[in-house]
Every structure is written in C-alpha cells, then in structure tokens.
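Below is one structure, written out as structure tokens; the observations come after it.
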Amino acid sequence: MPELPEVETIVRDLRPHLTDRRIESVRAGRRPLRRRWQKAWATQLQGSVILDVTRRGKWIVMPLDSGHSLVFHMGMTGQLRAIAAAEPHDSHTHLVFTLDDGTNELRFRDIRRFGSVTLFADPAALEEFFTQSRLGPEPFDIDPTYWRTRLAATQRCLKSALLDQQLVAGVGNIYADESLYEARLPPTQRGTDTPRGEADRLRRAVAVVLRRAIDQRGSSIRNYVGGSGLKGQYQEEFRVYGRTGKPCPRCRTGIERIRLAGRSTHFCPKCQKVESEETRAKSRKR
DNA sequence: ATAGGCGCCTGCTGGC
DNA sequence: TGCCAGCAGGCGCCTA
C-alpha cells in the first residue's frame with residue numbers, strides 16, 4: 001500500500017508524538033512478518049529514546065539514543081500509529097511499543113503481513129542495508145544526467161522503470177501511473193526510446209505528483225491511514241489510477257487499463273501517445 | 001547482468 | 001445465500 005506520500009505522512013504525523021520518547025516495553029505478536037522479529041530486540045529496545053522519525057524511500061527510520069535504528073516497511077497494508085493506550089487493539093496488530101509519556105502507544109498493524117520491522121545495531125549497519133539493496137535517490141533531488149542515463153540504458157518500459165526502487169526510491173503503482181499521465185508519456189514506452197526532453201519531463205512530473213499527494217496526506221483507497229489515524233485525500237485527485245473507462249480530465253477520452261510489469265496500469269490513450277519525430281523536434285527547439 | 005513471472009498473505013467485490 | 005475468481009499502495013526470489 002503506502003508509497004512515498006503515505007509514508008511521508010506517517011512520518012510527519014508520528015514525529016511530534018515520538019521524538020524524545022523513551023520506549024518502556026515492546027510486545028510482539030507471534031505471526032511472522034516479511035522479516036522475522038528477533039526476540040532479543042525487545043530487550044535491546046527497552047529504555048531507548050527515539051531521537052527522530054525519518055523516511056528513506058518507503059522506509060521509516062527511527063534513530064535511537066542507543067545507536068540502534070528501528071526501521072519499518074509498510075508493505076501493502078501496514079499501519080503505524082500513535083494511539084491512546086486505552087484504545088482497544090485492532091485485529092492484525094503485530095507490535096505494540098509503550099512509551100514514557102504514558103498516554104500513547106506506538107502500534108504496528110498489517111493485515112497482509114508484507115510489511116517488516118527491523119532493528120539495526122548502528123548507523124553503519126543501516127547504511128549497509130540501503131547500499132546493499134542499492135536503494136535509488138529520493139525523487140525530489142534526482143540528478144538530471146543520472147536520470148537520463150539510467151533511462152537510456154534500460155529496455156524496460158517506463159512504468160516498470162518507475163517501479164524500480166533502485167532507479168528512484170518511493171514510487172509505487174499509483175504514483176507511477178499518475179506521473180506518466182502528468183508527463184504525457186505512454187507507460188509502455190521503453191526507457192531506451194525516451195529522448196532527453198521526455199526524460200526531463202518525467203523526472204519533474206514525478207516530483208510534482210508526489211508533492212501534490214503529500215499535500216493531501218497521500219491516498220486512501222482501502223486500508224491506508226496516517227500516523228494519527230487520519231485518511232489521505234489524494235484519491236479524489238487521481239487523473240488515471242482506478243479510473244478505467246472514465247473520461248480523461250484533459251481530453252475526455254476513456255481511460256484505459258492494461259497489465260504491465262505484472263501491475264495494473266492506467267493511462268489516457270490519446271494524451272499519452274508516443275510522440276512523433278516532428279513533435280520531438282519542436283520541443284527540442286523550445 | 002537484465003527482465004519477467006510467481007509467491008507471499010488477507011480481505012473485498014462482482015458474477016454466476 | 002454461497003462459492004469462486006480476480007483484484008489490491010510491495011518486494012524478493014527464481015528463471016531464461
């Protein structure tokens with residue numbers, strides 16, 4: 001579920017609740033998440049102070065005063081919330097951290113259990129993890145040359161490229177489709193067939209779309225809620241995602257849905273056509 | 001090395 | 001009403 005805007009919203013919601021809070025205790029459920037929870041972690045976490053709540057791609061990172069880092073991934077249905085300790089537990093709650101303010105608990109809930117929670121021993125171990133997985137740059141400060149070069153080097157279609165976390169961190173299925181629409185590029189176009197002007201357009205479109213979505217606290221289709229339990233609103237502004245058969249906001253043509261990179265892909269067949277050589281030549285002059 | 005497909009889980013919807 | 005197929009904000013592992 002959550003892509004960058006949703007994860008960013010969780011981080012912003014949680015930060016004021018968690019910064020400088022001491023973890024008093026940790027209770028872990030028995031059902032496994034994608035990475036198995038180590039029993040020893042509960043002991044290591046006890047008494048640690050959360051220094052900050054940050055984000056890298058779709059990962060939530062909490063550096064602790066012990067030097068450890070507590071790292072979460074939301075998978076498809078993960079929820080990480082600060083909730084009043086008195087509130088009853090929802091089903092599928094896998095981890096509960098009690099805090100020294102006594103009123104709120106940090107709870108991790110995940111229906112499908114594609115999410116994960118990991119404790120890294122020190123900043124170097126965390127850095128090593130991101131390096132090994134070759135996590136790409138944040139979408140807001142991508143070097144234009146890097147972007148053009150990487151796109152030009154791949155045979156994959158643009159949709160598939162956008163979903164690759166090694167190319168750019170944080171984009172998922174919704175924002176890949178919305179970004180391609182914003183850039184007026186066909187999701188099926190190969191990276192290698194994308195001239196520099198179009199690569200630049202796509203790079204900017206990704207940043208614009210993600211910023212808009214963050215402003216709306218992300219998108220809530222079914223499960224997603226932010227760190228305070230509030231839903232997002234960006235689903236109200238989708239131009240193509242989930243709008244199969246509905247009119248394109250620009251040209252009223254029906255939005256089409258195809259399967260690409262194993263994911264359902266939405267686009268306007270008229271606005272997102274492969275550009276002719278003349279059009280490309282014109283935009284080069286501009 | 002690169003690209004595509006499948007499996008991991010649970011829950012919901014729509015068609016018969 | 002019940003059943004079954006298909007679908008879902010992700011990612012890691014396997015294959016060719």
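By convention in this document, chain letters (A, B, ...) are assigned in the order of the sequence lines, proteins followed by strands, and residues within each chain are numbered from 1.
- Atoms CZ (A:R150) and C1' (B:dT2) sit 12 Å apart, rounded to a whole Å.
- Taking atom P on both nucleotides, C:dC14 is separated from B:dC9 by 15 Å, rounded to a whole Å.
- Across the protein-nucleic acid pair, A:Q165 atom CD and C:dG10 atom P stand 8 Å apart, rounded to whole Å.
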Dot-bracket summary - DNA chain C, pairs being Watson-Crick or G-U whose distances fall under 3.5 Å, with | when paired to another strand: .|||||||.|||||||
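- Base orientation of C:dG9: syn, the glycosidic angle falling within 90° of 0.
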Worked check of salt bridge (charged side-chain N to carboxylate O under 4.0 Å, His left out) between A:E8 and A:R12: CA-CA 6 Å; A:E8 177 65 24; A:R12 290 183 185 185; 2.8 Å; yes
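- In this structure, A:R250 is positioned above the aromatic face of A:Y181, its NZ or CZ under 6.0 Å from the six-membered ring centre and within 45° of the axis.
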Derivation and outcome, side chain to side chain donor-acceptor pair (under 3.5 Å), residues A:E6 and A:Y234: CA-CA 10 Å; A:E6 291 76 31; A:Y234 193 67; over 6 Å; no
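- Comparing the same atom, P, in B:dC6 and in C:dG6 gives a spacing of 13 Å after rounding to whole Å.
- Distance, A:D110 CG to C:dG10 C1': 11 Å, rounded to whole Å.
- For the pair A:R134 CZ and B:dA1 P, the computed distance is 8 Å after rounding to whole Å.
- Side-chain nitrogen and oxygen atoms of A:S264 include at least one within less than 4.0 Å of the OP1 or OP2 phosphate oxygen of C:dA8.
- Rounded to whole Å, atom P of B:dT2 lies 18 Å from atom CG of A:L163.
- The side chain to side chain donor-acceptor pair (under 3.5 Å) test with A:N173 singles out one residue from A:E3, A:K159, A:E178, and that residue is A:K159.
- Contacts of A:I221 with the nucleic acid, taken as non-hydrogen atoms under 4.0 Å apart, include base atoms.
- Comparing C:dA8, B:dG11, B:dC9 against the side chain of A:H92 picks out B:dG11 as the nearest.
- A distance of about 22 Å separates the P atoms of B:dA3 and C:dG9, rounded to the whole Å.
- Atom-to-atom, CG of A:L80 to C1' of C:dG9 comes out at 16 Å; the value is rounded to the nearest Å.
- Between the CD atom of A:E3 and the C1' atom of C:dG10 there is a distance of 9 Å, rounded to whole Å.
- Between A:R109 and B:dT10 there is no side-chain N or O to OP1 or OP2 distance below 4.0 Å.
- Rounded to a whole Å, the CZ atom of A:R263 is 18 Å from the P atom of C:dG6.
- Checked against the 6.0 Å centroid criterion, the rings of A:F108 and A:W37 do not qualify as a close aromatic pair.
- The main-chain N or O of A:G226 is never found under 3.5 Å from a side-chain atom of A:D13 such that the two would form a donor-acceptor pair.
- Comparing the P positions of C:dC7 and B:dG5 gives a spacing of 15 Å, expressed to the nearest Å.
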Footprint string (nucleotides 3-8 of chain B, 5' to 3'): B base within contact, S backbone only, - free, heavy atoms under 4.0 Å: SS--BB
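- Look at A:K58 and you won't find any side-chain N or O under 4.0 angstrom from OP1 or OP2 of C:dG9.
- Screening A:L99, A:D100, A:D101, A:L45 for a side-chain contact (heavy atoms from CB on, under 4.5 Å) with A:E24, the sole residue that qualifies is A:D100.
- Residues A:F72 and A:V26 share a hydrophobic cluster, clusters being chains of Ile/Leu/Val/Met/Phe/Trp/Tyr side chains in contact below 4.5 Å.
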Side chain to side chain donor-acceptor pair (under 3.5 Å) assessment of A:T77 paired with A:N223: CA-CA 6 Å; A:T77 52; A:N223 297 299; 5.4 Å; no
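- Considering only heavy atoms from C-beta on, A:Q38 stays 4.5 Å or farther from A:Q44 through its side chain.
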